[in-house]
Amino acid sequence: MDELPNGNGAALLKRGRGRRRRQPQSQPRGASVLALPLRPRKIRRHRKSAAASRVAALRARALRSEDSDSKVEVASVRGKRKRPAELLEASRSAEPRPVSARPRPASATLPSRVEGRAALSRNLGTAAPPPPGSHADEPGRPPASPLQQVLTELNGIPSSRRRAARLFEWLLAPLPPDHFYRRLWEREAVLVRRQDRSYYEGLFSTADLDSMLRYEDVQFGQHLDAARYVDGRRETLNPPGRALPAAAWSLYRAGCSLRLLCPQAFSPTVWQFLAVLQEQFGSMAGSNVYLTPPDSQGFAPHYDDIEAFVLQLEGRKLWRVYRPRDPSEELALTSSPNFSQEDLGEPVLQTVLEPGDLLYFPRGFIHQAECQDGVHSLHLTLSTYQRNTWGDFLEAVLPLAVQAAIEENVEFRRGLPRDFMDYMGAQHSDSKDPRRTAFMEKVRVLVARLGHFAPVDAVADQRAKDFIHDSLPPVLTDRERALSVHGLPVRWEAGEPVNVGAQLTTETQVHMLQDGVARLVGEGGRLFLYHTVENSRVYHLEEPKCLEIHPQQADAMELLLRSYPEFVRVGDLPCDSVEDQLSLATMLYDKGLLLTKTPLVPS
């Protein structure tokens, strides 16, 4: 072992397992690029002198008590033998903070109290209130949990990207994120043992699950799975229909683990957790919640195709994590079938997770977990980076590059040698024929030339568009709500609407709502701004949402996207006319994509 320990993540959310690989698009190279002139412009970022000091103050703020320590261990999988673990201890005041995940249900039916487009109806600052009856704000009462404290802190950070970094820092604490990404991400299994049972308090609980079963339309197989693993055999025991408390808890008493596949659709706090973290990863963040009865195991040993972060919420659970068995399983692109115990070697990590602990393991790491000693377990697995590899990117790039090369370079259109079958093919693989050597050299030269024709930016835009569609809708801070269309004082009063008529002017200063809420993509000679503000909390319940951007407004749209979080005066947008400036800004503001430096006042 190296410097830190890690456990493993729960089975991949069903959302991830059912996700189909994207097929390369067959359209011409220019069809998915910005076909209209989007000239790069140097954006002046007017940074305020106090920005650096504010960031430093936020990073230095201590959320955790000074009387408890955290320990981090890393399980090395590089060598054939495990090295002794070195324990790193850090006072809580030096620790960072957490994140959330998002799973995929079997179908796209929205739970009864989830509003598909009401994503912006909730404020970040009020997203995680203390549990009912906690009286956390009353004199003499216990302070809010570390999770509730960090969510409150995030509400005061103006930049969405900095909020994402801060939450991830808290999730890993006391492990520095830069060290994690540089040395451990996609490489090692990591365990953070905090000795703080309240660390995740308020994220999700068995009481929350019970309430959902009573008051929400939770369906077996769609939102909830009941599974158990006995005598080397895993079975799923989902009855048809709604998961009412009587049925769900009877299955639990019979030894079944309950897996909630879409917690963010029911839990505003899990939604907020994931919505913030997805910007940190630049990839879909998903989650499942697992409740396991005492002295039982719900799932067989297996590996997943996601990076997994396991957050232990209640009880205890014994985890065993194993290195990939051979190079083909390292950073696996698909999830594995169930393994038997005979298929496994020696675990690289074996540990009991306690509430507040964090376990991370990369895709391809085999894992299994069981409850012992008469204690149940509740954990949340945060997953990300499914099919987000160089190989996936090149799968989309190369067919388009070949198509473009054939169209634009005559060397790719020249005929093959008439006799190439006489020296090429498996039956000639050992041949020393010089014609074979020349043929292979010609292939290498042509493949090397493909890079010149690769529509890299166009494919990047398409993947960004897919990420926008995958994303959860944003959760707003108090500031974002007050300065966006959601903060306008328009209401119905005394039989008529009042405070109507607030308008932007050329003097209004604006910037995008958040950093990752929109992406400008060229398709078929037209420009579209894809956005997340009308996405559902249920994966792909809605079709991709977009606005068409007129060619004369393209440079202005680029400026707004690049200048976040700095404000831009509407009159300074690079458009040909004041009308174009105001129409673009008004369209974005009305859609909830833009906020102003000061609240708009009704005329």
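Side-chain atoms are counted along with the backbone in the values below, which use heavy atoms only and exclude waters and symmetry mates. The residues of the chain are indexed from 1 along the displayed sequence.
Between Asp357 and Arg193, at least one side-chain nitrogen of the basic residue sits less than 4.0 Å from a carboxylate oxygen of the acidic one, meeting the salt-bridge criterion. The existence of a salt bridge linking Arg161 and Asp515 is confirmed by a sub-4.0 Å separation between a basic side-chain nitrogen and an acidic carboxylate oxygen. No salt bridge links Glu153 with Arg162; every basic N to acidic carboxylate O contact stays at or beyond 4.0 Å. Salt-bridge annotation for Glu307 and Arg363: present, with a side-chain N of the basic residue lying under 4.0 Å from a carboxylate O of the acidic one.
Of all non-hydrogen atoms in Gly516 and Glu279, the two that sit nearest each other are N-OE1, 3.8 Å. The nearest pair of heavy atoms linking Arg537 to Pro268 is NH2-N, 3.7 Å. Taking every heavy atom of both residues into account, Ile157 and Arg163 meet most closely at O-NH1, 2.7 Å. The minimum heavy-atom distance between Gly315 and Val375, with the atom names listed, is CA-CG1, 3.8 Å. Across Gln297 and Ala369, no two heavy atoms sit closer than the pair CG-O, 3.1 Å.
A cation-pi contact, defined as under 6.0 Å to the ring centre and within 45° of the axis, links Arg194 to Tyr199.
Leu353 places none of its side-chain heavy atoms less than 4.5 Å from the side chain of Arg316. Looking at heavy atoms from C-beta onward, Leu184 lies in side-chain contact with His179 at the 4.5 angstrom threshold. No side-chain heavy atom of His376 sits less than 4.5 Å from a side-chain heavy atom of Lys317. Side-chain contact check for Cys256 versus Pro293: every heavy-atom pair is 4.5 Å or farther apart. At least one side-chain heavy atom of Leu203 sits under 4.5 Å from a side-chain heavy atom of Leu313. Side-chain contact between Ser198 and Pro146: present, with at least one pair of heavy atoms (C-beta onward) separated by less than 4.5 Å. Looking at heavy atoms from C-beta onward, Leu472 lies in side-chain contact with Gln264 at the 4.5 angstrom threshold. Between Phe309 and Thr381, the closest side-chain pair of non-hydrogen atoms is not below 4.5 Å.
For Arg325, the salt bridge (Lys or Arg N to Asp or Glu O under 4.0 Å) partners at least two apart in sequence or on another chain are Glu329.
Judged purely by distance below 3.5 Å, without hydrogens or angles, the side chains of Ser340 and Asp343 pair a donor atom with an acceptor atom. Side-chain contact annotation: Asn535 with Thr532, donor-acceptor N/O pair under 3.5 Å absent. Counted by atom type alone, Asp208 and Ser211 present zero donor-acceptor pairs between their side chains at under 3.5 Å. Under the 3.5 Å distance criterion, with hydrogens and angles disregarded, no donor-acceptor pair is assigned to the side chains of Gln312 and Glu354. No side-chain N or O of Asn238 forms a donor-acceptor pair with one of Thr236 less than 3.5 Å apart. Judged purely by distance below 3.5 Å, without hydrogens or angles, the side chains of Gln368 and Tyr322 pair a donor atom with an acceptor atom. Judged by distance alone, the side chains of Arg463 and Asn388 do bring a donor and an acceptor atom under 3.5 Å apart. The closest side-chain donor-acceptor pair between Glu314 and Thr206 falls under 3.5 angstrom.
A distance-only check finds a donor-acceptor pair linking the side chain of Asp295 to the backbone of Asp373 [under 3.5 Å]. Put simply, the side chain of Glu216 never gets that close to the backbone of Leu213: no donor and acceptor are under 3.5 Å apart. At distances below 3.5 Å, not a single donor-acceptor pair connects side-chain atoms of Arg519 with backbone N or O atoms of Phe467. No donor-acceptor pair under 3.5 Å is formed between the side chain of Ser377 and the backbone N or O of Cys371. Without hydrogens or angle criteria, Asp470 side chain to Met284 main chain gives no donor-acceptor distance under 3.5 Å.
Taken from CG in Asp217 to CD in Gln219, the straight-line distance is 4.5 Å, to the nearest 0.5 Å. The OG atom of Ser267 lies 11.0 Å from the CG atom of Leu209; values are rounded to the nearest 0.5 Å. Rounded to the nearest 0.5 angstrom, Trp271 CH2 and Cys262 SG are separated by 12.5 Å. Rounding to the nearest 0.5 angstrom, the gap separating the CG atom in Leu318 from the CZ atom in Arg320 is 4.5 Å. The CG atom of Leu331 lies 9.0 Å from the OG1 atom of Thr389; values are rounded to the nearest 0.5 Å. Atoms CZ and CD1, from Arg387 and Ile306 in turn, are 14.0 Å apart once rounded to the nearest 0.5 Å.
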- Item | side-chain contact (heavy atoms from CB on, under 4.5 Å) assessment of Ile366 paired with His302 | CA-CA 5 Å; Ile366 300 171; His302 67 282; 5.9 Å; no

- Trace of the ring-ring contact (aromatic ring centres under 6.0 Å, His included) decision for Phe168 with Tyr181: CA-CA 11 Å; Phe168 190 61; Tyr181 281 127; 5.3 Å; yes

- Please step through side-chain contact (heavy atoms from CB on, under 4.5 Å) for the pair His223 and Phe266, ending with a clear verdict. CA-CA 10 Å; His223 307 117; Phe266 303 94; 3.9 Å; yes

- Query: Can Leu258 and Leu224 be said to form a side-chain contact (heavy atoms from CB on, under 4.5 Å), step by step?
  - Reply: CA-CA 7 Å; Leu258 301 181; Leu224 191 73; 4.2 Å; yes

- Task: Check step by step if side chain to side chain donor-acceptor pair (under 3.5 Å) holds for Gln148 and Glu201.
- Result: CA-CA 8 Å; Gln148 292 159 353; Glu201 188 175 291; 5.0 Å; no

- Would you sort out whether Phe220 and Asp225 count as a side-chain contact (heavy atoms from CB on, under 4.5 Å), showing the intermediate values? CA-CA 6 Å; Phe220 278 113; Asp225 283 334; over 6 Å; no

- Task: Might you work through the side chain to side chain donor-acceptor pair (under 3.5 Å) test for Ser283 and Gln278, ending with a clear yes or no?
- Result: CA-CA 6 Å; Ser283 179; Gln278 67 191 6; over 6 Å; no

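Sorted by first then second residue, the side-chain hydrogen bond (donor to acceptor under 3.5 Å, both in side chains) pairs that include residues 240-252, not counting sequence neighbours, are Asp210-Trp249.
By the 30° and 60° cut-offs, the orientation of the rings of Tyr290 relative to His379 is parallel. Classified by interplanar angle (parallel below 30°, tilted 30° to 60°, perpendicular above 60°), the ring pair Trp185/Phe180 is perpendicular.
Heavy-atom contacts from other residues, nucleotides or ligands closer than 6.0 Å to CZ of Arg182 number more than 12.
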